[in-house]
Amino acid sequence: MAVVSVLIPPVVDVGPADVTVTNGGAASFAVTASGSAPLRYQWSRDGSPILGATNASVVLAAATTAEAGAYSVRVTNAA
């Protein structure tokens, strides 16, 4: 017997939105994606991966000017 598995590449259904907060305020970003499980997430700031930011959302509990920048997320799976 042979089995055929068809993997669906990830698609970002709802991307992260821009956020403006005051110094020390909370900021959060989230993404909704679909595709074959498991989906893997890696958030980046200004193109550099954020250590430990591997969920569908990322929260800056008390954002500072040092954390200002362009945030993005890469969603991957086995496909």
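The backbone N or O of Asn55 sits less than 3.5 Å from a side-chain atom of Trp43, completing a donor-acceptor pair. Between the side chain of Asn77 and the backbone N or O of Pro38, no donor-acceptor pair lies under 3.5 Å.
The two residues Arg45 and Glu67 make their nearest non-hydrogen contact at CD-O, 3.3 Å. For the residue pair Gly15 and Val31, the shortest heavy atom distance occurs at CA-CG2, 4.2 Å. Minimum interatomic distance between Ala27 and Val21 (heavy atoms only, all atoms of both residues): CB-CG1, 4.1 Å.
Identified under the side-chain hydrogen bond (donor to acceptor under 3.5 Å, both in side chains) test for residues 5-23, with sequence neighbours left out: Asp13-Ser34.
Judged as a side-chain contact (heavy atoms from CB on, under 4.5 Å), and not counting sequence neighbours, the contacts of Val59 are Ser28. Under the side-chain contact (heavy atoms from CB on, under 4.5 Å) criterion, Ser44 pairs with Pro49, Ser72, sequence neighbours left out. Legend: residues meeting ring pair (Phe, Tyr, Trp, His ring centres under 6.0 Å) with Tyr41, ordered by chain and number and at least two apart, are absent. Evaluation of the side chain to side chain donor-acceptor pair (under 3.5 Å) rule for Thr76 yields no partner, not counting sequence neighbours. Among residues two or more places apart in sequence or in another chain, the side-chain contact (heavy atoms from CB on, under 4.5 Å) test is passed with Ala61 by none.
Applying the 6.0 Å contact sphere to CZ of Arg74 captures no more than 12 heavy atoms from other residues, nucleotides or ligands.
Under the 4.5 Å side-chain heavy-atom criterion for ILVMFWY residues, no single connected hydrophobic cluster contains both Val75 and Ile8. Using a 4.5 Å cut-off between side-chain heavy atoms of Ile, Leu, Val, Met, Phe, Trp and Tyr, with links allowed through other members, Leu39 and Val12 fall into the same hydrophobic cluster.
One distance of note links CG of Leu51 with CD of Gln42; it measures 8.0 Å at 0.5 Å rounding.
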